[in-house]
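Below you'll find the structure, written out as structure tokens, and then a few comments.
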Amino acid sequence: MKLATWNVNSLKVRLPHLLDWLAREQPDVVCLQETKLEDPKFPAAELEALGWRCAYSGQKTYNGVAILSRAPAADLSLGIPGFADEQKRVIAATVDGVRVVCAYVPNGQSVDSDKYRYKLAWLEALTAWLRDELVRSPDLALLGDYNIAPEDRDVHDPAAWKGQVLCSEPERAAFRALQALGLKDSFRLFEQPEGAFTWWDYRMNAFKRRMGLRIDHILLGEHLAPRCKAARIDIEPRKLERPSDHAPVIAEIA
DNA sequence: ATGGCGGCTCGCAGCCGA
């Protein structure tokens with residue numbers, strides 16, 4: 001089972017890239033973030049015609065998440081239960097026995113902002129919910145844009161980013177709290193090249209200069225992690241014209 | 001250098017992202 005996550009930064013603009021990528025990579029499950037589409041505008045018919053089941057929860061301009069799957073998606077759930085949130089950031093479904101949780105973690109803007117406090121509260125609510133969810137569904141995968149670079153090696157310039165949003169210690173502690181639930185960072189189950197990132201700023205030629213961060217992740221429950229055979233980042237779509245600023249991340253489960 | 005780029009909106013300037 002090939003699992004993937006991709007922050008597409010507007011599904012309307014990126015649909016051609018997504019369709020090409022789906023045809024090439026042939027994943028079984030794809031989690032999308034930042035679709036920026038209200039549900040009636042989701043390109044469900046086009047994707048379904050190509051054999052994709054679509055579950056989605058979107059809004060105008062911001063946020064928006066979706067799960068595409070080859071097999072049927074059951075037990076759909078939207079948002080974090082018990083956490084009131086206008087923003088469409090979480091969708092979960094069970095596909096082939098795997099509880100797939102697709103998350104778009106708030107950005108946080110800067111460490112002294114209300115958005116940062118919202119981010120930390122949001123992550124705490126996510127973690128509390130997943131603690132229960134893992135009891136019900138141990139075969140759980142948490143995929144998405146975490147907006148957290150977990151370690152210095154996930155940052156092109158750790159000194160410049162030290163203490164900044166995406167890299168701050170409270171955010172990294174929140175990431176470790178997710179790991180403490182038994183979730184494993186699939187990417188780090190394998191030897192990886194240095195300078196492996198999933199996001200590069202559109203500005204300053206950041207991609208060409210390899211100035212990125214690894215902030216998109218696939219975390220696997222304790223039953224799934226031992227079955228993971230490969231994990232990687234696909235930077236090819238970032239090289240295209242009008243790319244998303246994020247690259248897709250893939251984990252393959254035997 | 002708080003800019004840079006890109007996507008969005010009851011757009012034509014300002015927001016948000018990361």
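Residue numbering restarts at 1 for every chain, and letters A, B, ... go by the order of the sequence lines.
Every residue two or more places apart in sequence or in another chain that forms a side chain to side chain donor-acceptor pair (under 3.5 Å) with A:R176 is listed here: A:E169. Listed by chain and number, the residues in a side chain to side chain donor-acceptor pair (under 3.5 Å) with A:N205 amount to none (sequence neighbours excluded). By the ring pair (Phe, Tyr, Trp, His ring centres under 6.0 Å) test, A:F207 pairs with A:W200, sequence neighbours left out. Residues meeting the side-chain contact (heavy atoms from CB on, under 4.5 Å) test with A:A125, sequence neighbours left out: A:I80, A:F83. Not a single salt bridge (Lys or Arg N to Asp or Glu O under 4.0 Å) links A:K60 to another residue, sequence neighbours left out.
Phosphate contact (OP1/OP2 of B:dC8, side-chain N/O of A:S10, threshold under 4.0 Å): present.
Contact annotation for A:D145: backbone-only contact, meaning every heavy-atom pair under 4.0 Å involves sugar-phosphate atoms and none involves a base.
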Pairs under 3.5 Å (N/O, protein and nucleotides 9-14 of chain B):
unit_1, atom_1, unit_2, atom_2, d
B:dC10, OP2, A:K60, NZ, 3.3

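Within the structure, ring pair (Phe, Tyr, Trp, His ring centres under 6.0 Å) pairs that include any residue of residues 56-79 of chain A comprise A:F42-A:Y56 (at least two apart or interchain).
Cluster partners of A:Y202, using a side-chain heavy-atom cutoff of under 4.5 Å among ILVMFWY residues and allowing indirect links: none.
Proximity of residues 196-203 of chain A to DNA chain B (heavy atom under 4.0 angstrom from any strand atom) is restricted to A:W199, A:Y202, A:R203.
You'll find the side chain of A:W52 reaches within 4.5 Å of the side chain of A:P27, heavy atoms only.
Separating the CE atom of A:M204 from the P atom of B:dG3 is a distance of 13 Å, rounded to the nearest angstrom.
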